[in-house]
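Reckoned from all heavy atoms, side chains included, excluding hydrogens, waters and symmetry mates. Residue numbers begin at 1 in each chain, while the letters A, B, ... track the order of the sequences. Just so we're clear, the structure is a prediction, and the values are computed from it rather than from any experiment.
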There are 2 protein chains.
Amino acid sequence: MPYMQVALAVDLVVLTIREHRLCVLLVERGIEPYEGLAALPGGFVLPGEDLADAAYRELAEETGIGDGIHLEQLATYGAPGRDPRGRTVSVAWLALAPQMAEPVAGSDASGAHWIPVDDVNGEALAFDHGLILKDGVERARAKLEYTPLGAAFCPPEFTVAHLRAVYEAVWGHPLDPRNFHRKVTRAPGFLCPTGRVTTTADGGRPAQLFTRGDMDVLNPPIVRG
Amino acid sequence: MPYMQVALAVDLVVLTIREHRLCVLLVERGIEPYEGLAALPGGFVLPGEDLADAAYRELAEETGIGDGIHLEQLATYGAPGRDPRGRTVSVAWLALAPQMAEPVAGSDASGAHWIPVDDVNGEALAFDHGLILKDGVERARAKLEYTPLGAAFCPPEFTVAHLRAVYEAVWGHPLDPRNFHRKVTRAPGFLCPTGRVTTTADGGRPAQLFTRGDMDVLNPPIVRG
DNA sequence: TTAATAGTGTCTATTAGACACTATCAG
DNA sequence: CTGATAGTGTCTAATAGACACTATTAA
């Protein structure tokens, strides 16, 4: 093989909603470089392993799950000095996860935690992970507008109010419940009615339960206001 | 450095409009593997070179220019078997070029040609370049809707009719000239009037000349119909 | 009952698309 | 003049956003 050889890694921007806030999964680095600093989960790609497979493997290692999680390629970062050990190129992936059990199960990192993205100081992250996180959050915010990906933050069955809470958390401002309801329920293929309703309506009318539909482009989009 | 080392390349999907058709720049490979086959322009990243710089360098080498050309990262392709010589990861870039002189100047490829994308058989391209081209064209088509990037296909000064021809070529169907005119001229920041008008109006009223504005997100979008 | 949430209807200002119409050129 | 392209105005159906109103639960 001619020319330069580089190390190949994947890094993950795993987002979820916790307590009405958009949160990202961060791990504490257990080894140099940047030992002790917060970083995005990730690792090196194995020989013979496809990029997407590496991303799924790291996701499973760090979160214990992976089934039903939306994963898409975000961008690739390869500036010459981004890793002090030598030239390393990282293919970053964006993962949208439904709410899950408090601590991260099956993690092999020193510690993995959900941190509200607004509380993260990008400068304090290892490598160029602050930049990667910023790009990932912006991608997620944009995708809510013109795709049904908000539902990826919800459990398999969810209500319109649950979905609206996702939008409000990601965009950071409230939406009109009535107009939102009409918009998403009338968008063909966005939501599949299950026929069931919530039983635990604490002080309100029970809500219909939906599953994710098969639509992939939302036209017209839901606007960010 | 731990773990696997891979070769790092950039490949370019360079699009332009020629004779009302969306065309891509293809080169004929002069060396194995895939010698003689059509391929996207590209090459290996140099030591110490940033990914975007490598893309700009290859673009300049293949097209002779690069100034004023829109370039953005498309995606990264790294399936284990995609290069028979060994594991190679390619960061693909999308470039939108205004119409330029017929043959490609300053090219170091055996031959570089503009081919209408509808005439390209993806299966007949080297490596996984058929897939990369498909992804690039789809990205371009989508970006015309919600960004002012159509203007990247136009020369520095252009008319509304010229811009409309771009949209029609990329999307493959005609648009109403009057509604299109109103839409783009009333979108704040899309077009900058120069005050000048075309002189060579062969059989029609002279048209105003515009330059690209500073807007980056088109809201509301121009819909594909 | 009240408080809370789910969901529907309605009004208004805005917009997309269709297309009539005017403006300005070449020949 | 005719024919062509540039650009504006107008009409209509559809839509976004505001918000009144009904439905169904817990307490």
### Test side chain to side chain contact (heavy atoms under 4.5 Å, CB included) applied to A/Arg21 and A/Asp118, A/Ile115, A/Val170, the passing residue
A/Asp118
### Query
Regarding A/Tyr77 and A/Asp135, is there a side-chain donor-to-acceptor distance under 3.5 Å anywhere?
yes
### Task
Send over the distance from B/Leu175 CG to C/dA18 C1', rounded to a whole Å.
14 Å
### Task
Taking the six-membered ring for Trp and the single ring otherwise, decide whether the centroids of A/Tyr146 and B/Tyr146 are under 6.0 Å apart.
yes
### Task
Round to a whole Å and report the spacing from CD of B/Glu145 to P of C/dA16.
13 Å
Only distances under 3.5 Å count here; give the side-chain donor-acceptor pairs of residues 206-216 of chain B to other protein atoms, sequence neighbours excluded, each with its distance to 0.1 Å.
{"unit_1": "B/Arg212", "atom_1": "NE", "unit_2": "B/Ala151", "atom_2": "O", "d": "2.9"}
{"unit_1": "B/Arg212", "atom_1": "NH2", "unit_2": "B/Cys154", "atom_2": "O", "d": "2.6"}

### Task
Using atom CG of A/Asn219 as one end and atom P of C/dA16 as the other, report the distance to the nearest whole Å.
12 Å
### Query
Atom NZ of A/Lys183 to atom P of D/dG17: distance rounded to whole Å?
6 Å
### Query
Which one of A/Leu25, A/Leu59, A/Val24 satisfies the side chain to side chain contact (heavy atoms under 4.5 Å, CB included) criterion with A/Pro41?
A/Leu25
#### Entry: Atom pair distance, as rounded to whole Å: CG in A/Asp176 and P in C/dC11
18 Å
### Task
State which residues pass salt bridge (Lys or Arg N to Asp or Glu O under 4.0 Å) with A/Glu157; sequence neighbours excluded, sorted by chain then number.
A/Arg196
### Query
If the sugar-phosphate is the primed atoms plus P, OP1 and OP2 and the base is the rest, what is the B/S/- string for nucleotides 2-11 of chain D, using protein heavy atoms under 4.0 Å?
-BBBBBBBB-
